[in-house]
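Note that the structure is predicted; figures quoted are calculated from it, not measured. Below, chain A is the first sequence line, B the second, and so on; all start at residue 1.
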2 protein chains.
Amino acid sequence: MVKTTIKRKTRDEILELSVPLFAKDGYDGVSMRDVAAAIGLTPAALYYHFTDKEQLYLDVMAHEFREKPSELTSVLKGLEPPWVRLEMYITKFAQLVATDKNFLRLIQWMRLDSNVARHQKLAEYVFKDIFDPVHELAAELDSRYDAHMLAMSIIALVSFPFESTIRQFMPGYRPEQEKPSVVAKHAIDLLRAGLSKPAS
Amino acid sequence: MVKTTIKRKTRDEILELSVPLFAKDGYDGVSMRDVAAAIGLTPAALYYHFTDKEQLYLDVMAHEFREKPSELTSVLKGLEPPWVRLEMYITKFAQLVATDKNFLRLIQWMRLDSNVARHQKLAEYVFKDIFDPVHELAAELDSRYDAHMLAMSIIALVSFPFESTIRQFMPGYRPEQEKPSVVAKHAIDLLRAGLSKPAS
DNA sequence: GTCTATATAAGGATAGAC
DNA sequence: GTCTATCCTTATATAGAC
């Protein structure tokens, strides 16, 4: 019982410390030597815990994405009206993405993965819990829109400002725009009201 | 005169054929051997044309992003009212992104580049021409919104559906949603009208 | 301009001692 | 469980012939 916990200690530590490495440099950009050095082990030791590099990466992803999305989802199980739930979800999502930089970068790397099987497996594992509830909500919100596209748009409005680090170099940039509250408010306002109508 | 053209032939061919390689697998995922094989040369020959791999990559990016954004921008120079220009821009942008898969993937890879100097250089080189005109337009469209955030949102609504290949595995997905016309229309509708108001 | 050959390093992975 | 030592492959890059 205790033994299992002890046994897993190193393994969990490896996973935990690997997250920022893979988030920063991606699968190809991280070597087993890099990981080993970060933990304070030799590369050989890693192969006691993981069969190969791919398995380590997969386990790192599972470790990172096990709980986070379900925390998000919990907000949507409530009985509040759709708009209230939307605002809560957007607020929480913005907070998550702003707080945990690794989370979003791992997803960005994942999206570029050319390995179709691995890509799909991760997509379903990670993104299903993020997207599905938004999709359901989108269907409730406004039947004029394609729920899939609307869900996509909601996620895009929140996550894109954090993905696009290059906007730092673009006109009108201010550091406050990185605050989750600012991003969330902008997304909510835009979704709520749209733009002022053309003077047609 | 003619000589210059002939001289540049191989070089341009290398750049042209490298684009899809770097778009698919990113900087670390492409070896000089890969590039050489794609052209039908030996790796050594590449070093006659480019000092090193980084220079090749930089030149590939410059090659890919030299003209595309300025085609987009041309739409925005017109004297039409802001809304007309917005619709034209969104339509064209969606078309570009849908047609040229390499374009977007190269940007996605760029965003994950941890090399700050290279990242910034590319960002300014590539994205300035895409973002600046949208930012100007955003300022004209609706003064209630932060122009920077609004410009970001416009780009997000159009590009995100194409970046997020994982949406293929999400509920409500239909192949038509990959058509630029569908994405553009959705973005325009959403921006124009927003969602139906909450029954508050 | 492109080749062959090769230097040099980095990376994944394993064997066997402790 | 973790180490040392090492194998094998792949990668960037260069030297010098053609």
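Under the side chain to side chain contact (heavy atoms under 4.5 Å, CB included) criterion, B:Leu72 pairs with B:Tyr89, B:Lys92, B:Phe93, B:Leu96, not counting sequence neighbours. With sequence neighbours left out, B:Asp189 forms a side-chain hydrogen bond (donor to acceptor under 3.5 Å, both in side chains) with B:Lys185. In terms of the side-chain hydrogen bond (donor to acceptor under 3.5 Å, both in side chains) criterion, residue partners of B:Lys68 (sequence neighbours excluded) are, by chain and number, B:Asp100. Judged as a salt bridge (charged side-chain N to carboxylate O under 4.0 Å, His left out), and not counting sequence neighbours, A:Arg33 has no contacts.
The existence of a salt bridge linking A:Glu136 and A:Arg85 is excluded, since no basic side-chain nitrogen approaches an acidic carboxylate oxygen closer than 4.0 Å.
Of the two residues contacting DNA chain D, namely B:Tyr27 and A:Gly40, the nearest-nucleotide position lying further toward the 5' end is that of A:Gly40.
In this structure, the OH atom of B:Tyr57 is 14 Å from the P atom of D:dT12, given to the nearest Å. Whole-Å rounding puts the B:Ile14 CD1 to C:dT2 P distance at 7 Å. Remark: P of C:dG1 and CG of B:Leu46 are 14 Å apart, rounded to the nearest angstrom.
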Less than 3.5 Å apart, which donor and acceptor atoms pair up between the side chains of residues 161-168 of chain A and the rest of the protein, not counting sequence neighbours?
unit_1, atom_1, unit_2, atom_2, d
A:Glu163, OE1, A:Arg111, NH2, 2.4
A:Glu163, OE2, A:Arg111, NH2, 3.0
A:Glu163, OE2, A:Ser159, OG, 3.3
A:Thr165, OG1, B:His119, NE2, 3.3
A:Arg167, NE, A:Pro161, O, 2.8
A:Arg167, NH1, B:His148, NE2, 2.9
A:Arg167, NH2, A:Gln177, O, 2.9

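Residue B:Val30 is classed as a sugar-phosphate contact, given heavy-atom separations below 4.0 Å to backbone atoms only. Within 4.0 Å (heavy atoms only), A:Thr42 reaches at least one base atom of the nucleic acid.
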Extract from the structure each pairing of a protein N or O with an N or O of nucleotides 13-15 of chain D at less than 3.5 Å, listing the distance.
unit_1, atom_1, unit_2, atom_2, d
D:dA13, OP2, B:Tyr47, OH, 3.0
D:dA13, OP2, B:Lys53, N, 3.0

